[in-house]
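Report on the following structure.
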Amino acid sequence: MSDTERVPLVVGVSGASGTPYAAAVLRGLLAAGAAVDLVVSRASRLTLLDETGVSFRDAHWRDDLRAWLSRGADGAPNTFAPQVDAWLGAGDRVRYWPAGDLAAGPSSGSYRTRGMVIVPASTACVAGVALGLSKDLLQRAASVTLKERRPLVVAVRETPLSGPTLRQLVALDEAGAVVLPVSPGFYAGADHIQDLVDFVAGRVLDAVGVPHDLYRRWRGQLGGGAARSQATNPR
């Protein structure tokens with residue numbers, strides 16, 4: 001895939017709890033054949049280590065990303081390993097940019113992208129993007145996405161939300177971003193934690209127009225979620 005053909009979606013991972021959501025979004029993008037530029041904040045590395053036991057190191061990012069994406073939200077370390085090995089072995093599908101690299105591709109508006117998702121988005125990240133601080137590559141890439149009028153999805157993960165954060169989220173909405181709280185829906189039917197994670201990941205992918213089959217869509221008929229649960233867990 002040459003640079004003239006490769007137009008990636010930027011995925012920013014901030015330090016909020018919820019690294020399984022980021023993993024599900026990344027798997028969904030790779031399954032759809034999308035190119036990805038990945039930015040992992042310094043704070044998110046601590047969260048990733050705490051939630052999954054996976055370290056994320058600049059010098060070994062591909063191996064660490066493989067370990068992270070292979071792990072299911074229910075805790076099994078190799079749930080998605082075969083698919084992940086195939087995706088990460090397919091050429092230049094994923095590029096990783098260190099968070100401290102403010103000369104990276106996504107720091108410039110002339111670098112072509114399809115847009116950006118921040119998942120999960122911490123309140124500190126929300127504030128930085130809303131105020132245009134650009135303190136690291138994640139915030140800078142988000143600011144570039146807004147100024148270039150490209151899609152920006154901010155999957156905020158915090159509860160409760162304070163007044164300042166609510167005002168910052170309104171500012172992002174007014175600037176053109178999609179504010180997408182990490183709020184799983186239960187009408188799709190859920191038998192495992194992964195089902196709830198995939199629902200949120202699917203809504204993120206919907207917001208940037210990427211096809212997927214991560215959750216059962218609403219069809220206008222009551223009881224579909226319960227029927228799915230009974231079918232997969234008969235008594």
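Keep in mind that the numbers below use all heavy atoms, side chains included, and drop hydrogens, waters and symmetry copies.
- Within the 3.5 Å criterion, the main-chain N or O of Leu49 finds no donor-acceptor partner in the side chain of Thr52.
- Phe80 and Val210 fall within a single hydrophobic cluster, where Ile, Leu, Val, Met, Phe, Trp and Tyr side chains are chained together by heavy-atom contacts under 4.5 Å.
- Evaluation of the salt bridge (Lys or Arg N to Asp or Glu O under 4.0 Å) rule for Asp206 yields Arg203, Arg217 as partners, not counting sequence neighbours.
- Looking at residues two or more places apart in sequence or on another chain, you find no salt bridge (Lys or Arg N to Asp or Glu O under 4.0 Å) involving Asp74.
- With contacts defined as side-chain heavy-atom distances shorter than 4.5 Å, the pair Leu205/Leu214 qualifies.
- Under the 4.5 Å side-chain heavy-atom criterion for ILVMFWY residues, no single connected hydrophobic cluster contains both Val179 and Val153.
- For Asp58 and Arg45, the salt-bridge test passes: some basic side-chain N is under 4.0 Å from an acidic carboxylate O.
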List the atom pairs, donor and acceptor, that lie under 3.5 Å between side-chain atoms in residues 115-136 and the rest of the protein, sequence neighbours left out.
unit_1	atom_1	unit_2	atom_2	d
Ser122	OG	Cys125	N	3.1
Asp136	OD1	Leu138	N	3.3
Asp136	OD1	Gln139	N	3.0

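- Residue Val154 is not grouped with residue Val208 when hydrophobic side chains (ILVMFWY) are merged at heavy-atom distances under 4.5 angstrom, including chains of intermediate members.
- For Asp85, the salt bridge (Lys or Arg N to Asp or Glu O under 4.0 Å) test picks out Arg66, with sequence neighbours left out.
- Judged by distance alone, the side chain of Arg216 and the main-chain N or O of Tyr187 form a donor-acceptor pair under 3.5 Å.
- Residues Ser17 and Glu51 have side chains that bring a donor and an acceptor to within less than 3.5 angstrom of each other.
- Each ring-ring contact (aromatic ring centres under 6.0 Å, His included) pair with one or both residues in residues 10-69, not counting sequence neighbours, appears once here: Phe56-Tyr96, Trp61-Tyr96.
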What pairs of donor and acceptor atoms, side-chain ones from residues 24-43 against any protein atom, are under 3.5 angstrom apart with sequence neighbours left out?
unit_1	atom_1	unit_2	atom_2	d
Arg27	NH1	Leu69	O	2.8
Asp37	OD1	Arg6	NH1	2.8
Asp37	OD1	Arg6	NH2	2.9
Asp37	OD2	Trp97	NE1	2.9
Asp37	OD2	Tyr111	OH	2.5
Ser41	OG	Val13	O	3.3
Ser41	OG	Ser44	N	3.1
Ser41	OG	Ser44	OG	3.4

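- Under a hydrophobic clustering in which Ile, Leu, Val, Met, Phe, Trp and Tyr are joined whenever their side-chain heavy atoms come within less than 4.5 Å, directly or via other members, Trp218 and Phe199 fall into the same cluster.
- The shortest distance between side-chain heavy atoms of Leu102 and Arg140 falls below 4.5 Å.
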